Each structure stands twice: as C-alpha cells, then as structure tokens.
*Asks:* 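One structure, pasted below without further comment.
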Protein chains: 2
Amino acid sequence: MFSQSCKYAIRAMFLVAQRSSEGRFVGIKEVAEGLDAPQHFIAKILQDLSKRGFITSAKGPKGGFLIDVNQRNTTLYDLVLAIDGNKLITSCCLGLKDCSEKNPCPVHNDFKPIRKKIHSMLDNTKVCDYNDELAQSVFYLKDAGIGPITN
Amino acid sequence: MFSQSCKYAIRAMFLVAQRSSEGRFVGIKEVAEGLDAPQHFIAKILQDLSKRGFITSAKGPKGGFLIDVNQRNTTLYDLVLAIDGNKLITSCCLGLKDCSEKNPCPVHNDFKPIRKKIHSMLDNTKVCDYNDELAQSVFYLKDAGIGPITN
DNA sequence: AAAATAGAAGATATAAAGGTCTTTTATTAT
DNA sequence: ATAATAAAAGACCTTTATATCTTCTATTTT
C-alpha cells in the first residue's frame with residue numbers, strides 16, 4: 001500500500017506532532033527510538049519532509065523537529081502524495097498505463113469506490129488528529145515487543 | 001497495492017480463462033503478446049500458477065495453458081494470496097508488527113472497512129467473470145498505445 | 001572563542017523485485 | 001524414429017528500495 005519511507009514518514013509526523021505540541025523541538029534520536037526505526041533512514045525522511053515544508057527543523061543543541069501551527073493542517077494524503085506520488089489513488093491496479101473509463105481493465109469499475117474511500121480517509125486525517133490518543137497510549141507508533149533475541 | 005508479478009498473474013489468468021474457454025491451450029507467446037508483457041517473466045509466473053493448481057499446462061505442439069472447469073472458480077483473492085500473501089488484507093498499513101484491536105496504530109480503525117471492502121471485492125471476482133467483456137473488447141488487458149518510439 | 005550538540009548531505013552497502021537468457025525435458029506430428 | 005514445438009527449470013543480470021556510514025555545517029551553551 002505505502003512504501004516503507006511513507007510508513008515511517010506518517011508515523012514520524014504523528015510522533016513529532018504530538019511531542020512538539022508544547023513548543024519544544026524533538027530530536028532525531030528521540031524520533032527514531034519512539035518509532036523503533038533506523039535513525040539515519042528516519043533522518044533522511046525528515047529532512048525531505050522539512051524541505052517540502054511539512055515540518056520545521058533546527059540545528060544545534062535543543063534543536064530537532066517541530067510541527068508548527070500551520071503545519072498541523074497537513075493531512076496524510078499530503079504526505080502520501082509527496083512521498084509515494086498519486087499512483088495509489090490514480091493508477092490502474094493491474095498496471096495498465098492507459099486504463100480509464102474508455103479503456104477499462106476488468107477491475108477498473110470495482111476498484112473505483114475503494115480508491116475513493118482510501119482517498120477521502122487520507123484526506124480527512126491530519127497529523128495532529130491523534131495527539132491525545134497517542135499521549136494516553138490509546139494508539140501506538142511502535143511495537144510493544146521485547147525486541148529480537150540477539151544470540 | 002499488488003506486486004508486478006501479481007498484476008501480471010491476474011491479467012494472464014483473465015486472458016487464459018477467456019481464450020481457453022473453448023478447450024484449446026493458449027501458448028505462452030500468445031499470453032505475453034496479449035498482455036504486452038515480457039515473455040520469460042510471464043512464463044515464470046504461469047509455471048508457478050501451474051504448480052499451485054490454478055492453471056493446467058501441456059508441453060509440446062498444441063501445448064500451452066488452459067483453465068479447466070474446476071479452475072474457473074479461482075478468485076482474484078486466491079491469486080493475490082498465493083503470490084503476494086495476505087499482507088494487503090491483514091497487516092498494518094503503517095508497518096507495525098503487532099498492530100491489533102488491543103494495540104492499534106492511529107489509522108487501524110480507519111482502514112478496517114477499506115480492507116474489508118478490498119477483500120470482499122477480490123473474493124467475489126472469479127477469473128472467468130469477464131470472459132464475455134474481454135471477447136467483446138469492453139475490458140482490456142493491455143494498453144492500446146502505438147508503442148514507444150524507438151529512435 | 002571553544003566545545004558539544006544535532007541536523008544536512010552525500011556516498012556506499014544490502015536486499016528484494018523485476019526481468020532476461022540458456023539449457024533441459026516432454027509431447028506431438030510427420 | 002525424427003524433427004519441431006513448447007513448457008520447465010534455473011542461472012544470471014539489472015534496477016529500485018531500503019538502510020547505513022561518514023563528513024560537513026549550523027547553533028547553542030559554557
């Protein structure tokens with residue numbers, strides 16, 4: 001459904017949205033630990049999101065990432081679109097380049113309502129929508145597990 | 001959504017279902033041309049589908065692939081499950097390993113009905129359901145295009 | 001000003017997916 | 001029997017996605 005980068009991006013945005021909501025910057029190490037994800041990979045993704053204006057960054061001590069008042073309106077669809085492009089919503093799920101109303105693949109019509117649902121769901125969810133649930137551990141951004149056994 | 005192999009598999013099954021419906025075997029070259037897809041790659045996929053019992057194969061002249069009476073009941077979900085596994089339907093779309101009712105990710109609940117819809121759609125579509133539409137060119141299995149300009 | 005902190009940037013490595021090529025085996029028609 | 005046909009099998013190559021590592025630059029605190 002989403003690329004790994006995109007999954008991390010969404011989770012990272014949820015996390016930074018929640019933890020930066022009182023104004024402090026959230027360090028990249030904290031983000032990586034909070035998601036149980038590879039730090040340098042997360043760094044790359046956040047840098048990209050920062051270039052695109054979805055997140056604010058600051059270097060140096062007390063630096064990190066923050067989602068400001070305007071950025072709180074970012075939707076999941078904005079993120080998916082920026083990272084994975086619009087293929088999930090617009091392109092043929094059987095891989096035809098010119099699948100359309102006029103030239104439909106066999107499942108074109110069946111998938112239309114599904115696509116629409118995915119799109120509206122992503123479009124109606126903002127990165128700060130679950131700040132409270134995350135703070136109260138109603139929702140999670142990483143696995144609870146005790147971690148892999150490293151013999 | 002689906003891997004490339006899975007997309008080709010679905011298209012190939014639709015094509016073989018339609019063209020073998022009068023009892024003749026459809027050669028691999030014919031399948032590849034009918035889908036405008038790489039022949040050896042399609043071969044690999046069809047051999048796999050044959051091992052799994054979704055399609056019947058015959059070697060030698062007049063050989064090829066055929067979907068018999070029992071195999072006509074194969075659904076798209078059967079194919080997706082065999083090739084891509086159940087991750088599309090069951091695994092967390094944000095990549096959490098133990099995302100569940102008890103440990104939900106922020107979008108767990110939002111995606112539940114979407115997953116259900118995808119699953120039922122795939123489960124209710126059989127490989128021979130569009131034989132007529134394919135024969136009458138109401139639905140297509142390859143792009144209409146004039147092909148790339150090969151300077 | 002110096003040291004410590006932390007993001008920015010880019011090169012490199014690894015793994016998986018996608019695709020190609022060659023050889024082998026089985027079948028049918030002559 | 002022989003030749004032609006077509007799938008089976010597996011080695012190999014290419015590309016992309018994922019992940020890591022190192023160096024550089026900016027900022028803050030002392």
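When reading the values below, keep in mind they use all heavy atoms of this one structure, side chains included, and skip hydrogens, waters and symmetry mates. Chain naming here is simple, since letters A, B, ... match the order of the sequence lines and numbering starts at 1 in each. Keep in mind that what you see is a predicted model, and the values were worked out from it rather than measured.
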*Asks:* Under 4.0 Å between a side-chain N or O of A:Q47 and OP1 or OP2 of C:dA8?
*Replies:*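 Indeed, a polar side-chain atom of A:Q47 lies that close.
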
*Asks:* Who passes salt bridge (charged side-chain N to carboxylate O under 4.0 Å, His left out) against A:D98, sequence neighbours left out?
*Replies:*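 Once residues adjacent in sequence are excluded, A:D98 has no partner under the salt bridge (charged side-chain N to carboxylate O under 4.0 Å, His left out) criterion.
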
*Asks:* Measure CG/B:L46 against P/D:dA9 and give the value in whole Å, please.
*Replies:*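 Interatomic distance, CG of B:L46 to P of D:dA9: 13 Å.
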
*Asks:* Under 4.0 Å: is that the gap between some side-chain N or O of A:S5 and OP1 or OP2 of D:dA17?
*Replies:*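 Looking at the OP1 and OP2 atoms of D:dA17, neither is under 4.0 Å from any side-chain N or O of A:S5.
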
*Asks:* Determine whether A:F54 and A:Q71 make a side-chain contact, defined as any pair of heavy atoms from C-beta on separated by less than 4.5 Å.
*Replies:*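 No. Closest side-chain heavy atoms not under 4.5 Å.
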
*Asks:* Whole angstroms only, please: what is the CD1-P distance between A:I45 and C:dA9?
*Replies:*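 The distance from CD1 of A:I45 to P of C:dA9 comes to 15 Å, rounded to the nearest Å.
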
*Asks:* Quickly, which of B:D78, B:N131, B:T75, B:N73 forms a side-chain hydrogen bond (donor to acceptor under 3.5 Å, both in side chains) with B:K126? Name it, please.
*Replies:*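 Considering B:D78, B:N131, B:T75, B:N73, a side-chain hydrogen bond (donor to acceptor under 3.5 Å, both in side chains) with B:K126 is found only for B:N73.
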
*Asks:* Base, sugar-phosphate, or nothing for B:F65, non-hydrogen atoms under 4.0 angstrom?
*Replies:*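 Counting heavy atoms under 4.0 Å across all strands, the contact made by B:F65 is with sugar-phosphate only.
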
*Asks:* Rounded to the Å, how far apart are B:Q39 CD and C:dT22 P?
*Replies:*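 Atom CD in B:Q39 sits about 13 Å away from atom P in C:dT22.
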
*Asks:* Say you draw a straight line from CG of B:D36 to CZ of B:R11; how long is it, rounded to the nearest 0.5 Å?
*Replies:*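 One gets 8.0 Å once the value is rounded to the nearest 0.5 Å.
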
*Asks:* Let me know, please, whether B:A58 or A:F2 comes out on the 5' side of the other along DNA chain D by nearest nucleotide.
*Replies:*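 Final value for this comparison: B:A58.
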
*Asks:* Between the base of D:dT18 and the side chain of A:K7, is there a donor and acceptor pair under 3.5 angstrom?
*Replies:*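 Between D:dT18 and A:K7, which were checked side chain against base, a qualifying N/O pair under 3.5 Å is absent.
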
*Asks:* Quick check: on DNA chain C, is the nucleotide nearest A:K44 upstream (toward 5') of the one nearest A:G60, or the reverse? Name the residue that is more 5'.
*Replies:*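 Closest to the 5' end, via its nearest nucleotide, is A:G60.
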
*Asks:* Hey, could you give me the CZ/OG1 distance between A:R115 and A:T90, rounded to the nearest 0.5 Å?
*Replies:*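 Spacing of CZ (A:R115) from OG1 (A:T90) equals 7.0 Å.
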
*Asks:* Would you mind telling me which of D:dA7, C:dG19, D:dT5 lies closest to the side-chain atoms of B:Y8?
*Replies:*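 The listed nucleotide nearest to B:Y8's side chain is C:dG19.
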
*Asks:* To the nearest 0.5 Å, what is the distance between OG (A:S3) and CG (A:D84)?
*Replies:*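 A:S3 atom OG to A:D84 atom CG measures 3.5 Å (nearest 0.5 Å).
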
*Asks:* How would you label the contact of B:K51 with the nucleic acid (heavy atoms, under 4.0 Å): base, sugar-phosphate, or nothing?
*Replies:*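 If one applies the 4.0 Å heavy-atom cut-off, B:K51 turns out to touch the sugar-phosphate alone, with no base involved.
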
*Asks:* Taking the nucleotide of DNA chain D with the nearest heavy atom to each, does A:H40 or B:G27 sit closer to the 5' end?
*Replies:*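 Final value for this comparison: B:G27.
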
*Asks:* Output the single nucleotide from C:dG7, D:dT5, D:dA7 whose closest atom is nearest the side chain of B:I28.
*Replies:*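 From the listed options, D:dA7 comes nearest.
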
*Asks:* Considering just the side-chain nitrogens and oxygens of B:S50, establish if one lies under 4.0 Å of OP1 or OP2 belonging to D:dA7.
*Replies:*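 Negative; the distance criterion is not met.
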
*Asks:* Rounded to whole Å, how long is the line connecting atom CZ of B:R24 with atom P of D:dT5?
*Replies:*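 Going from CZ in B:R24 over to P in D:dT5 covers 17 Å.
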
*Asks:* What's the closest nucleotide to the side chain of B:S3 if the choices are C:dG18, C:dG7, D:dA8?
*Replies:*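 Within the option list, the nearest is C:dG18.
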
*Asks:* Base, sugar-phosphate alone, or nothing: which one does A:Q4 contact when heavy atoms must sit under 4.0 Å apart?
*Replies:*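 Touches sugar-phosphate only.
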
*Asks:* Please report, rounded to the nearest Å, how far the P atom of C:dT5 is from the NZ atom of A:K62.
*Replies:*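 Nearest whole value for this atom pair: 12 Å.
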
*Asks:* Base, sugar-phosphate, or nothing for A:K29, non-hydrogen atoms under 4.0 angstrom?
*Replies:*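 Here A:K29 touches no strand at all.
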
*Asks:* Rounded to whole Å, please give me the gap between NZ in A:K59 and P in D:dT27.
*Replies:*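 In whole Å, D:dT27 P and A:K59 NZ are 7 Å from each other.
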
*Asks:* Using atom CZ of B:F41 as one end and atom C1' of C:dT20 as the other, report the distance to the nearest whole Å.
*Replies:*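 Checked: the CZ to C1' distance equals 11 Å.
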
*Asks:* Expressed in angstrom and rounded to an integer, what is the separation of A:L66 atom CG from C:dG7 atom C1'?
*Replies:*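 Nearest whole value for this atom pair: 14 Å.
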
*Asks:* Once you apply a heavy-atom cut-off of 4.0 Å, does B:A43 come out as touching a base, just sugar-phosphate, or nothing?
*Replies:*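 Answer is nothing: B:A43 stays at 4.0 Å or more from every strand.
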
